[in-house]
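What you are looking at is a predicted structure, and each value in this text was computed from that prediction instead of being measured.
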Amino acid sequence: MSQTGLSLVTLGLGWDPADRARWTRGRKRIDLNAAAMLFAGHQLVDVVYHEQLFSQDGAVRLLGDSTDGEGDGDDEIITVDLTRITPVVTAVVFLMTSYTGQTMDEVQNSYCRLVDGVTGEVFAHYVLKDPAHGFLAGELVRGEAGWQYREIATAIDAQHPVEAIQQLDQYLP
């Protein structure tokens, strides 16, 4: 799946709280995290996630960090204004991780979606159901014709963005 001509993109991540009666690992909550990792070629230059809510240039923002999945709709939202992003950035990679250690198949109703911020069109939607701690949705790639979305849609073994860095090299343009 590819989407071209993008200028504003929103990533939404959602999940439901743990069903405490059936939870077997003793954890009382589920905390998924959304991250946008900014690369210049194959060099990581910035990360927006629960510990850093804004990119250095202010173009990428995490609008809060849900730690339990309570409520309807998207629990975490990242906005990306591609018209303001630093010129050195060539790719923005979207990563979801399970900070509290559950695998994605253990989390109820988990998903992520990408929305064109201009048209409101959902151009990618993923149900997170793999037996892994992370999910790599895809990347926004800067090209001669502007920004486009390139789908990756693969499970990844990472509970935190730092754990994913070395695994991402194969997907970068």
Side-chain angles (χ1 to χ4, degrees), residues 1-15 31-67 74-99 104 110-126 128 130 132-173:
M1 174 182 300
S2 179
Q3 181 78 9
T4 60
L6 296 166
S7 60
L8 298 170
V9 173
T10 300
L11 170 102
L13 170 63
W15 71 97
D31 184 4
L32 297 187
N33 286 315
M37 304 176 78
L38 289 67
F39 286 85
H42 288 244
Q43 180 68 39
L44 180 67
V45 295
D46 208 350
V47 181
V48 173
Y49 66 120
H50 69 279
E51 294 175 21
Q52 179 175 308
L53 302 180
F54 303 94
S55 59
Q56 295 170 19
D57 61 11
V60 182
R61 298 169 179 246
L62 174 62
L63 306 179
D65 176 27
S66 173
T67 60
D74 298 336
D75 295 301
E76 293 194 9
I77 297 171
I78 293 179
T79 61
V80 182
D81 184 346
L82 295 164
T83 66
R84 295 182 44 218
I85 209 158
T86 303
V88 70
V89 173
T90 56
V92 178
V93 177
F94 294 112
L95 173 70
M96 279 32 75
T97 57
S98 175
Y99 191 69
M104 294 297 174
S110 58
Y111 69 89
C112 68
R113 64 191 186 108
L114 290 143
V115 179
D116 183 322
V118 174
T119 67
E121 173 192 358
V122 175
F123 62 86
H125 187 277
Y126 307 99
L128 308 180
D130 292 302
H133 295 103
F135 181 77
L136 184 59
E139 62 189 342
L140 297 168
V141 178
R142 188 192 305 258
E144 289 183 22
W147 289 92
Q148 72 173 23
Y149 179 70
R150 189 174 74 85
E151 181 177 71
I152 299 170
T154 192
I156 190 168
D157 189 28
Q159 286 181 234
H160 191 279
V162 170
E163 297 172 4
I165 295 170
Q166 290 184 325
Q167 300 176 60
L168 299 180
D169 196 57
Q170 65 183 312
Y171 301 108
L172 297 169

(message) Between D116 (side chain only) and T119 (backbone N and O only), is there a donor and an acceptor less than 3.5 Å apart?
(response) yes

(message) Set out, in order, the CA-CA distance, both residues' side-chain angles and the distance that settles side chain to side chain contact (heavy atoms under 4.5 Å, CB included) for I156 and L168, then state yes or no.
(response) CA-CA 9 Å; I156 190 168; L168 299 180; 3.9 Å; yes

(message) Restricting to non-hydrogen atoms, name the atom on T90 and the atom on G41 that form the minimum distance, rounded to 0.1 Å.
(response) OG1-N, 2.8 Å

(request) Please confirm whether the backbone N or O of W15 pairs with a side-chain atom of D75, one donor and one acceptor, at under 3.5 Å? (result) yes

(message) Could you work out, with side chain to side chain contact (heavy atoms under 4.5 Å, CB included) as the rule, every residue matching L44, not counting sequence neighbours?
(response) M37, F39, V47, I165

(message) Going by the rule salt bridge (Lys or Arg N to Asp or Glu O under 4.0 Å), which residues pair with R142 if we only count those two or more places apart in sequence or in a different chain?
(response) none

(request) Mind listing the closest non-hydrogen atom pair of Q170 and Q167 along with its distance? (result) NE2-O, 3.5 Å

(message) Measuring from atom CZ of R113 to atom CG of L13, what distance do you get when rounded to the nearest 0.5 angstrom?
(response) 11.0 Å

(request) Any chance you could lay out the side chain to side chain contact (heavy atoms under 4.5 Å, CB included) test for Q3 and E121, step after step, and finish with the verdict? (result) CA-CA 11 Å; Q3 181 78 9; E121 173 192 358; 3.8 Å; yes

(message) side chain to side chain contact (heavy atoms under 4.5 Å, CB included), that's the test. Do L136 and V93 meet it? Break it down for me.
(response) CA-CA 8 Å; L136 184 59; V93 177; 3.1 Å; yes

(request) Write down the atom of V48, the atom of L53, and the distance for their closest heavy-atom approach. (result) CG1-O, 3.5 Å

(message) The test is side chain to side chain contact (heavy atoms under 4.5 Å, CB included); show your working for Q56 and V45 and say whether it passes.
(response) CA-CA 9 Å; Q56 295 170 19; V45 295; over 6 Å; no

(message) Checking D57 now: which residues fulfil side chain to side chain contact (heavy atoms under 4.5 Å, CB included) with it, not counting sequence neighbours?
(response) S55, A59, I85, T86

(message) Within a 6.0 Å radius of atom OH on Y111, are there more than 12 heavy atoms belonging to other residues, nucleotides or ligands?
(response) yes

(message) For the backbone of A91 and the side chain of E139, can you confirm whether one donor and one acceptor N or O come within less than 3.5 Å of each other?
(response) no

(message) Using 0.5 Å steps for rounding, measure from the OH atom of Y99 to the CG atom of L32.
(response) 13.0 Å

(request) Of all the heavy-atom pairs spanning R150 and L172, show the shortest one and how long it is. (result) NH2-N, 4.5 Å

(request) Determine whether more than 12 heavy atoms belonging to other residues, nucleotides or ligands lie under 6.0 Å from atom CD of Q166. (result) no

(message) Closer than 3.5 angstrom, by distance alone: can the side chain of T10 be matched with the main-chain N or O of V115 as a donor-acceptor pair?
(response) no

(request) Kindly compute the distance separating OG1 (T97) from CG (D157), expressed to the nearest 0.5 Å. (result) 11.5 Å

(request) Report yes if some heavy atom in the side chain of V9 is under 4.5 Å from a heavy atom in the side chain of L114; otherwise report no. (result) yes

(request) Sequence neighbours left out, what pairs pass side chain to side chain donor-acceptor pair (under 3.5 Å) with at least one residue falling in residues 38-48? (result) H42-D169, D46-Q52

(request) For A132, enumerate each residue passing the side chain to side chain contact (heavy atoms under 4.5 Å, CB included) test, keeping only those at least two apart in sequence or located in another chain. (result) A155

(request) Taking all non-hydrogen atoms of both residues into account, name the closest pair between A153 and F135 and its distance. (result) CA-CZ, 3.6 Å

(request) Would you indicate whether the side-chain heavy atoms of N33 and L62 approach each other to under 4.5 Å? (result) no

(request) Find out whether C112 and F94 are in side-chain contact, i.e. whether some heavy atom of one side chain is under 4.5 Å from a heavy atom of the other. (result) no

(request) Give every residue pair that meets the ring pair (Phe, Tyr, Trp, His ring centres under 6.0 Å) criterion with at least one member in residues 152-173, sequence neighbours excluded. (result) Y49-H160, H50-H160

(request) Report the distance from atom OG1 of T79 to atom CZ of R61, rounding to the nearest 0.5 Å. (result) 6.5 Å

(request) Assign the ring pair Y149 / F123 to parallel, tilted or perpendicular, where the plane angle (0 to 90°) is split at 30° and 60°. (result) perpendicular

(message) Nearest 0.5 angstrom please: T83 OG1 to L8 CG, how far?
(response) 6.0 Å

(request) Rounded to the nearest 0.5 Å, what's the gap from CD1 on I78 to CG on L63? Could you check? (result) 8.5 Å

